[in-house]
Amino acid sequence: MRTERVSRDALRPTDRLTETTMKYALDTAHEQIQNILESATGSSSFEMKTPPPNVEADIAVPMFRLAKEKKENPVALAQRLAGEISLEGTLLCDATVTGGFLNFKLATGPFLDRVFADFSARGESFGGSEQGDGKTIVVDFSSPNIAKPFSVGHLRSTVIGHSIVKIYRFLGYTVVGDNHIGDWGTQFGKLMLAFELWGDRETVAANPIRELLDLYVRYHDEAESDPALDEQARSWFRRLEEGDPKARETWRWFREVSWEEFDRIYRLLGVEFEEVLGESFYNDQLDQVVEQAFQSGLAEWGEIEARGGKEGEGEDSPEAMEKVALIHLRDHGIETPLLIQKSDGTSLYATRDLATIRHRIETWAPEAIIYVVGGEQKLYFQQVFKAAELLGLEANCVHVPFGLIRLPKGKMSTRKGRVIFLEDVLEEAVRRAEAVLEERDLSDEEKTEIARIVGIGAVKYADLSQTRTKDVLFDWEKMLNMQGDSAPYLQYAYVRIQSILRKAAGMPRGQAVSSPRSLGHPQELTLVKTLAGFPGTVRAAATGYTPHVIAGYLISLARDFSSFYNQVPVLKAETPELAATRLELCRRTAQVLEKGLDLLGIECPERM
RNA sequence: GCACCCGUAGCUCAGCUGGAUAGAGCGACGGCCUCCGGAGCCGUAGGUCAGAGGUUCGAAUCCUCUCGGGUGCACCA
């Protein structure tokens with residue numbers, strides 16, 4: 001909890017932008033209001049709000065708090081200020097008062113000039129910044145378990161993490177995306193045992209993930225009636241960790257065939273990683289972690305009830321106690337101790353994570369390490385982060401949790417084989433996109449590629465458009481939705497603009513030059529104001545690790561564009577100058593749509 | 001039992017770290033292709049923001065309690 005707050009502060013984009021950071025139109029407008037009000041009242045720090053639609057203004061400043069301080073009536077204070085201040089030479093005009101709010105309007109001419117100037121100055125990087133220059137962050141995401149299917153559950157970590165990587169990179173950070181593959185641990189003991197008992201090399205080779213899943217499910221079925229299996233499974237893992245050749249060979253093979261499947265899915269999704277180290281990478285550092293924990297006096301041997309009796313809880317049977325290495329965290333507000341070595345001497349998830357933190361610090365010296373992992377691991381990460389801190393591993397570790405995906409019938413369970421394969425969903429999405437493309441005049445090759453972009457985009461968007469922390473109900477229709485609040489809707493807006501631009505390129509035009517101030521139609525102004533909101537949206541998404549604010553922003557941008565498109569002619573504008581300006585407006589809109597989608601990890605086709 | 005997440009329109013969700021008449025999409029109903037692509041646009045209907053208290057100029061938003069759903073709580077990851 002505390003860790004998270006500290007880290008967020010460390011990464012929070014500065015509200016007051018420094019000299020070296022690019023200021024955008026709205027940043028300047030806010031700053032101007034701030035300065036004007038500050039010199040008029042002597043008070044600093046005013047809140048800037050967006051007024052509701054029924055109020056004709058662009059920026060609202062509530063005066064209630066200041067009124068209270070000054071023991072003045074808010075309305076009277078606002079009116080007095082409105083009369084006193086001068087907006088000469090700013091991006092603002094017209095300070096009015098409603099209720100206790102001091103409302104400002106953007107001065108159309110200067111504002112239009114400024115937004116267009118911002119676009120020219122920043123080019124393709126409009127919306128980005130340099131605030132992260134010289135800083136590195138590590139993002140731990142996706143991290144599927146080898147030999148288990150890539151389910152729709154893994155989609156969340158993958159797409160949210162990928163988006164966070166892109167967003168921070170756009171803000172100037174050096175970002176290391178690390179896929180911390182789950183390729184080590186007791187589960188491999190289970191799998192090796194199951195494979196030895198019931199497996200068949202050729203069957204597995206033919207369809208690795210699904211066969212291995214079957215073995216895994218069967219293992220859990222049988223283990224329920226035969227607890228001895230668990231003992232054997234643990235022993236297999238011990239052999240693996242000790243370097244037994246046969247165990248290693250089998251493990252390596254599982255890993256290899258699994259990775260082939262993962263790789264295929266990542267390629268389909270268009271997701272890449274800077275590192276794919278995996279848990280096994282840290283195997284030779286685990287003893288050191290445990291040793292160090294003991295040396296520093298942090299870890300101690302603890303006794304724990306021996307395994308065996310489950311559910312029944314035979315309290316009268318004097319179960320033998322076994323020794324495990326653990327770290328107590330009670331003094332730090334965490335009741336549950338963290339286990340770092342099992343009674344048979346093998347390692348745990350936590351052991352590997354501690355080694356991982358150290359490796360990341362030594363390798364990248366990151367500002368922060370961001371873990372995009374399900375919310376059910378919240379307590380676990382509190383433990384690990386605290387333990388790391390106590391071990392002297394200085395790192396801003398941030399757990400970015402997300403809600404789990406629930407099926408209409410209940411939660412997914414790998415052990416019970418109740419999963420929806422991500423690949424099935426992706427294939428279905430691509431099929432549906434293909435169906436729509438059927439009637440388009442495009443080559444088969446183009447159709448295939450576009451269907452991929454549109455279908456995959458729809459699935460990613462369905463996830464990214466929702467608040468990260470909430471559980472999501474898996475719904476085929478929503479996942480495959482291509483209308484309204486969806487990626488294809490955004491892509492479609494982009495494609496229509498491309499279509500206009502292509503036509504414009506083929507038209508003989510005069511020397512008409514774009515001139516921002518020729519714009520004036522309400523739909524145009526709305527569109528420009530929305531475009532000006534992009535940089536702030538990106539910063540907000542970064543601060544809260546919330547890609548969905550970008551998704552929401554893009555939807556309103558696309559809607560603004562669609563309204564504009566329906567009411568305002570571009571190529572047939574009244575004058576060549578206006579046509580040129582509207583074309584530029586279109587081009588900028590397309591640019592932001594494409595960039596925004598890119599920040600969500602979604603591609604844009606040129607036609608669809 | 002304790003802790004954390006969540007409860008907003010028939011359904012799926014927004015609501016920007018308390019603000020002025022709570023917004024979209026889907027579904028329903030009604031309009032819009034002589035004009036830059038209808039995966040689109042415009043409009044109508046639909047809400048006691050789970051419930052009850054509290055904090056204050058102001059609460060969907062913050063606090064408390066109740067109800068309902070989810071998750072976690074030492075040798076899985």
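Lettering of chains follows the sequences in order, A, B, ..., and the numbering in each one begins at 1.
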ask   = Side-chain N or O of A:Lys68 less than 4.0 angstrom from OP1 or OP2 on B:C57?
value = yes

key: Under 4.0 angstrom between A:His548 side-chain N/O and B:G15 OP1 or OP2   =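 Result: yes.
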
request  = Please check if the distance between the ring centroids of A:Phe294 and A:Trp301 is under 6.0 Å.
outcome  = yes

inquiry  = For a quick check of understanding: with a heavy-atom distance under 4.0 Å over all strands, which category does A:Ile327 fall into, base, sugar-phosphate or nothing?
reply    = nothing

task = Determine, answering yes or no, if A:Phe64 is stacked on B:G19 under the 5.5 Å centre rule and the 30° plane rule.
result =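 Base of B:G19: stacked against A:Phe64.
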
task = May I ask you to say what A:Asn73 touches in the nucleic acid, namely base, sugar-phosphate or nothing, with a heavy-atom cut-off under 4.0 Å?
result = nothing

key: A:Thr537 side-chain N/O to B:C16 phosphate OP1/OP2 under 4.0 Å   = no

request  = Could you tell me whether A:Arg496 and A:Glu606 make a salt bridge, using a distance below 4.0 angstrom between a side-chain N and a carboxylate O?
outcome  = no

inquiry  = Taking only side-chain N and O atoms of A:Thr467, does any of them lie within less than 4.0 angstrom of OP1 or OP2 on B:G15?
reply    = yes

ask   = Is the shortest side-chain N/O distance from A:Thr336 to OP1 or OP2 of B:A74 below 4.0 Å?
value = no

inquiry  = Does B:G40 have its OP1 or OP2 closer than 4.0 Å to a side-chain nitrogen or oxygen of A:Arg559?
reply    =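 A:Arg559 to B:G40 OP1/OP2: no side-chain N or O under 4.0 Å.
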
task = Tell me what A:Ser499 touches on the nucleic acid: a base, only sugar-phosphate, or nothing, going by heavy atoms under 4.0 Å.
result =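 If one applies the 4.0 Å heavy-atom cut-off, A:Ser499 turns out to touch a base.
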
task = Please determine, for B:A22, whether a Watson-Crick or G-U wobble partner exists with both distances under 3.5 Å, and give it or none.
result = none

inquiry  = Would you say A:Lys470 places a side-chain N or O within less than 4.0 Å of OP1 or OP2 belonging to B:A14?
reply    = yes

request  = Considering just the side-chain nitrogens and oxygens of A:Lys572, establish if one lies under 4.0 Å of OP1 or OP2 belonging to B:C36.
outcome  = no

inquiry  = Under a 3.5 Å threshold, yes or no: a donor from one side chain and an acceptor from the other, between A:Asp485 and A:Ser465?
reply    =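 Not at all, the side chains of A:Asp485 and A:Ser465 share no donor-acceptor pair under 3.5 Å.
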
task = Tell me the partner of B:C36, counting only Watson-Crick (N1-N3 plus N6-O4 or O6-N4) or G-U wobble (N1-O2 and O6-N3) with both under 3.5 Å; none if nothing fits.
result =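 B:C36 is unpaired by these criteria.
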
inquiry  = Looking only at the side chain of A:Pro51 (C-beta and beyond, no hydrogens), which of the listed nucleotides B:G19, B:C36, B:A20 gets closest?
reply    = B:A20

message = At less than 4.0 Å, is any side-chain N or O atom of A:Gln187 found next to OP1 or OP2 of B:C76? Yes or no.
response =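 No, because none of the side-chain N or O atoms of A:Gln187 sits under 4.0 Å from OP1 or OP2 of B:C76.
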
Ring centre gap for A:Phe534 and A:Tyr553 strictly below 6.0 Å = yes

C1' spacing across the pair B:G47 / B:C65, given as an integer number of angstrom = 25 Å

query = Who is the Watson-Crick or G-U wobble partner of B:C65, with both distances under 3.5 Å?
reply = B:G51

query = Taking only side-chain nitrogens and oxygens of A:Arg352, does any of them come within less than 4.0 Å of OP1 or OP2 of B:A77?
reply = yes

A:Arg406 side-chain proximity, nearest of B:G70, B:G19, B:C41 =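 So the side chain of A:Arg406 is nearest to B:G70.
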
query = Is the A:Tyr371 ring parallel, tilted or perpendicular to the A:Phe385 ring (thresholds 30°, 60°)?
reply =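 If you compare the ring of A:Tyr371 with that of A:Phe385, the planes turn out tilted.
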
ask   = Expressed as a whole number of Å, how far does the P atom of B:A22 sit from that of B:G31?
value =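 Nearest-Å result for B:A22 against B:G31 at atom P: 29 Å.
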
request  = Answer with base, sugar-phosphate or nothing: what part of the nucleic acid does A:Gly185 contact at a heavy-atom distance below 4.0 Å?
outcome  = sugar-phosphate

message = Between B:A39 and A:Asn481, counting only base atoms on the nucleotide and side-chain atoms on the residue, is there a donor-acceptor pair under 3.5 Å?
response =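 Between B:A39 and A:Asn481, which were checked side chain against base, a qualifying N/O pair under 3.5 Å is absent.
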
query = Rounding to the closest angstrom, what is the interatomic distance between B:U66 and B:C4 at atom P?
reply =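 Straight-line distance between the two P atoms is 14 Å.
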
query = With rounding to whole Å, what would you report as the distance between B:A24 and B:G69 at their C1' atoms?
reply =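 The answer is 25 Å between these two C1' atoms.
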
Any donor-acceptor N or O pair under 3.5 Å, side chains A:Asp353, A:Tyr282 = no

ask   = Is the aromatic ring of A:Tyr565 within stacking range of B:C41, meaning centres under 5.5 angstrom and planes under 30 degrees?
value =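 Stacking between A:Tyr565 and B:C41: absent.
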
query = For B:U71, what is the paired nucleotide under Watson-Crick or G-U wobble rules, both distances under 3.5 Å?
reply =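 Pairing partner: B:A3.
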
query = Are any of A:Tyr349's side-chain N or O atoms less than 4.0 Å away from OP1 or OP2 of B:A77?
reply = no

ask   = Should the ring pair A:Tyr380 and A:Tyr349 be called parallel, tilted or perpendicular, given that the plane angle runs from 0 to 90° and is split at 30 and 60?
value = parallel

task = Provide the Watson-Crick or G-U wobble partner of B:A60, both distances under 3.5 Å; none if there is no partner.
result =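 No nucleotide pairs with B:A60.
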
N or O in side chain of A:Ser556 less than 4.0 angstrom from B:A24 OP1/OP2 = no

ask   = How is A:Val454 classified with respect to the nucleic acid when contacts are heavy atoms under 4.0 Å: base, sugar-phosphate, or nothing?
value = base

